[in-house]
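Keep in mind that this is a model prediction, so the values were computed, not measured. Sequence lines set the chain letters: A, B, ... in the order given, protein chains first and strands last, and positions in each chain run from 1.
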Amino acid sequence: MRLSAYFLPTLKETPSEAQIVSHRLMLRAGMIRQSSAGIYSWLPMGLKVLRNIEQIVREEQNAINCHEVLMPTIQPADLWRQSGRYDDYGPEMLRIRDRHDRDMLYGPTNEEQITEIFANSVRSYKDVPQLLYHIQWKFRDEVRPRFGVMRGREFLMKDAYSFDLDKESARRSYNKMFVSYLKTYERLGLKAIPMAADTGPIGGDMSHEFLILAETGESEIACHRDFIDMSWSDYEVDFDGDLQPVVDKFTNQYAATDEKRDPEAEKALGEDLITARGIEVGHIFYFGDKYSSKLGAVVTGPEGEEITVEMGSYGIGVSRLVGAIIEASHDDNGIIWPESIAPYRVGLINLRHGDEACTQTCDDMYASLNEAGIDVLYDDRDKKAGAKFADMDLIGLPWQIVIGPRGVKDGIVEFKNRKTGEREEISPVKALNRLKG
RNA sequence: CGGAGUGUAGCUCAGCCUGGUAGAGCACCGUCUUCGGGAGGCGGGGGCCGGAGGUUCAAAUCCUCUCACUCCGACCA
């Protein structure tokens, strides 16, 4: 993409409404604009990142035979009256009325909706277990939205739901999703630590939050040192096999968020204890027949008996992840995108807009990159070098190829790694091959 | 929802206390000089000073109400 033909409204100064680094950088990098408190528009660059994250999440869900559906944002109040949550849910739920005076709501979550679909469509135990998910915008009328997209009122969520015949089977579904999450976060370039979470009225050990570490994280956490060096990808995973050993591996060590911290356990860890701040980027839990019993999600068993299905729900905050990743990966100059979700893989800078030889070299490089299928953003604007450097660092593409008249004379370009800052002066062909390799 | 702030040019902000012609830097347009880490000169456009009411000869400035946004707390993916 040529920057001269793109829409990338970057800001030199920080809008005063943004306090935390990810919010500031998202506004400055031209990724989002605020519409009202906690509600944002996504501009091309921000949308591209959002889509990239969404796609990785989607692929990992599909990989465990979790099937994508799409449920509405607007739901009928009657559905929620059946589960009893229409009254239980507070003012966080945005209630609206249609022209016929029917009570509707903008969904803060979709358990009722998916349970109704299942209840109306599945009759036999042979069609269970089942995993379904969707990626949809939700709305929670938070009293105090903040931190940009990390704590907005409108946000994009991946929500999966499992349906099983009994608790043992539900545990298998839970474990599947647990391990799938580890893989998903790793692909996103994140180290996410699973932590035991409140299980609510159901109890038991089947509820975990996934947190990534970031200095500006919203909650204080403590965990065993081992988590820092643990690589999730060291495990050959057979999703149809027994996943319990893998889950155990990641849940045996101590890890807790503020409200669940245990001074005794922490004392015992001694030197191995580390404390940090974390951002919650996922939450999975098992909730039994809470919704299935109320909404009639019942199947006929092998003996002709009626079985109320056991359910679980598994969320990943997709839009929140955009902010969370920036919190975990940035420097004074701007964002540093992990390669897997970067809006473009490489930024190409033409330092001298008017110079014929320089521009020719840039155009050739741009054509070669495109031919090689490498996603490139080409800064061909008539701007000062300094402005281009600053913008390129700000938007955080993993690689930069900088071409100026000085290098062109000697047949070299500058190849820069955004994360490490390392620069090499190499030939255009070599630069191309680095990215191909 | 309690507490605290802020609303003046696209952005960052000064002016308000002590009422009297609405400002600066950046950005934008034109032009010249520049050209390897957010350049400089000259010229130019852009504002019902968040909104409503009040006090006054006169209100960005004082008073009342209201709306929006931000921060702290409680709550939360």
Side-chain angles (χ1 to χ4, degrees), chain A residues 9-20 23-24 27-28 30 33-39 57 89-93 107-110 135-160 181 192 197-198 207-212 217-219 257-259 278-285 313-324 332-334 349-355 358-359 379 381-394 400 402-410 412-414 416 421 423 425:
Chain A
T10 56
L11 303 172
K12 196 157 147 188
E13 284 172 289
T14 303
S16 55
E17 78 255 24
Q19 301 300 319
I20 63 160
H23 191 193
R24 290 202 292 254
L27 289 166
R28 288 193 51 213
R33 287 295 182 261
Q34 179 161 319
S35 167
S36 63
I39 302 178
V57 170
Y89 231 97
E92 272 200 347
M93 183 154 77
T109 180
N110 291 73
I135 300 174
Q136 179 62 288
W137 291 93
K138 304 190 169 192
F139 194 91
R140 287 183 198 167
D141 200 355
E142 299 280 347
V143 234
R144 194 185 157 207
R146 60 184 125 171
F147 306 147
V149 298
M150 291 221 297
R151 179 81 184 281
R153 290 195 290 174
E154 190 182 51
F155 53 97
L156 187 63
M157 279 284 285
K158 185 283 295 183
D159 262 301
Y181 270 36
D198 270 332
S207 177
H208 287 88
E209 293 177 352
F210 290 77
L211 285 99
I212 65 172
E218 51 196 337
S219 53
T257 52
D258 4 351
E259 65 277 5
I279 301 168
E280 186 182 344
V281 291
H283 194 168
I284 62 178
F285 53 98
S313 138
Y314 315 86
I316 289 183
V318 178
S319 50
R320 159 176 277 204
L321 269 167
V322 180
D332 288 347
N333 295 323
I349 296 181
N350 180 354
L351 283 183
R352 190 74 67 83
H353 176 262
D355 186 287
C358 184
T359 300
D379 193 343
R381 296 173 302 174
D382 182 10
K383 294 237 177 190
K384 289 273 298 178
K388 294 187 178 188
F389 284 129
D391 268 348
M392 200 54 87
D393 281 348
L394 175 62
Q400 296 176 12
V402 180
I403 301 181
R406 233 156 56 190
V408 167
K409 230 181 289 171
D410 303 330
I412 54 166
V413 302
E414 184 180 299
K416 177 178 156 184
R423 305 154 196 228
E425 308 236 302

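Taking atom C1' in both U21(B) and C49(B), one finds a spacing of 15 Å when rounded to whole Å. Look at the P atom in both G44(B) and U6(B): the space between them is 36 Å, to the nearest Å.
Rounding to the nearest 0.5 Å places CZ of Arg320(A) at 9.5 Å from CZ of Phe147(A). Rounding to the nearest 0.5 Å gives a distance of 11.0 Å between CZ of Phe155(A) and CD of Gln136(A).
Put simply, the side chain of Tyr181(A) gets close to the backbone of Gly315(A): a donor and an acceptor are under 3.5 Å apart. At distances below 3.5 Å, at least one donor-acceptor pair connects side-chain atoms of Arg24(A) with backbone N or O atoms of Gln19(A).
Counting heavy atoms from C-beta on, the side chains of Glu154(A) and Ser35(A) never come closer than 4.5 Å. Residues Asp391(A) and Lys383(A) are not in side-chain contact: their nearest non-hydrogen atoms beyond the backbone lie 4.5 Å or more apart. In this structure, Arg352(A) and Val408(A) have side chains that are not in contact, with every pair of non-hydrogen atoms separated by 4.5 Å or more.
For U70(B), the paired nucleotide is A4(B), the pair qualifying as Watson-Crick or G-U wobble because both relevant distances are below 3.5 Å. The partner of U61(B) cannot be assigned: no Watson-Crick or G-U wobble pair with both contacts below 3.5 Å exists in any strand. The base-pairing partner of G37(B), taking Watson-Crick or G-U wobble contacts with both distances under 3.5 Å, does not exist among the strands shown. Of the nucleotides present, C11(B) is the one that pairs with G25(B) by Watson-Crick or G-U wobble criteria, both distances under 3.5 Å.
Looking at heavy-atom distances under 4.0 Å, Gly407(A) makes contact with a base. Arg423(A) comes within 4.0 angstrom of a nucleotide base, judged by non-hydrogen atoms across all strands. Among the atoms of the strands shown, base atoms are found under 4.0 Å from some heavy atom of Lys416(A).
At whole-Å resolution of the value, CG in Asp355(A) and P in C35(B) are 12 Å apart. Separating the CZ atom of Arg406(A) from the C1' atom of G37(B) is a distance of 11 Å, rounded to the nearest angstrom.
Between Lys384(A) and Pro405(A), the residue whose closest nucleotide on RNA chain B is further toward the 5' end is Pro405(A).
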- Query: What is the per-nucleotide protein-contact pattern of nucleotides 66-77 of chain B, from the 5' end, where B denotes a base atom under 4.0 Å from a protein heavy atom, S denotes such proximity for sugar-phosphate atoms only, and - denotes neither?
  - Reply: ---SSBBBBBBB

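Taking the side chain of Phe389(A) as heavy atoms from C-beta on, and the options C35(B), G37(B), U12(B), the nearest nucleotide is G37(B).
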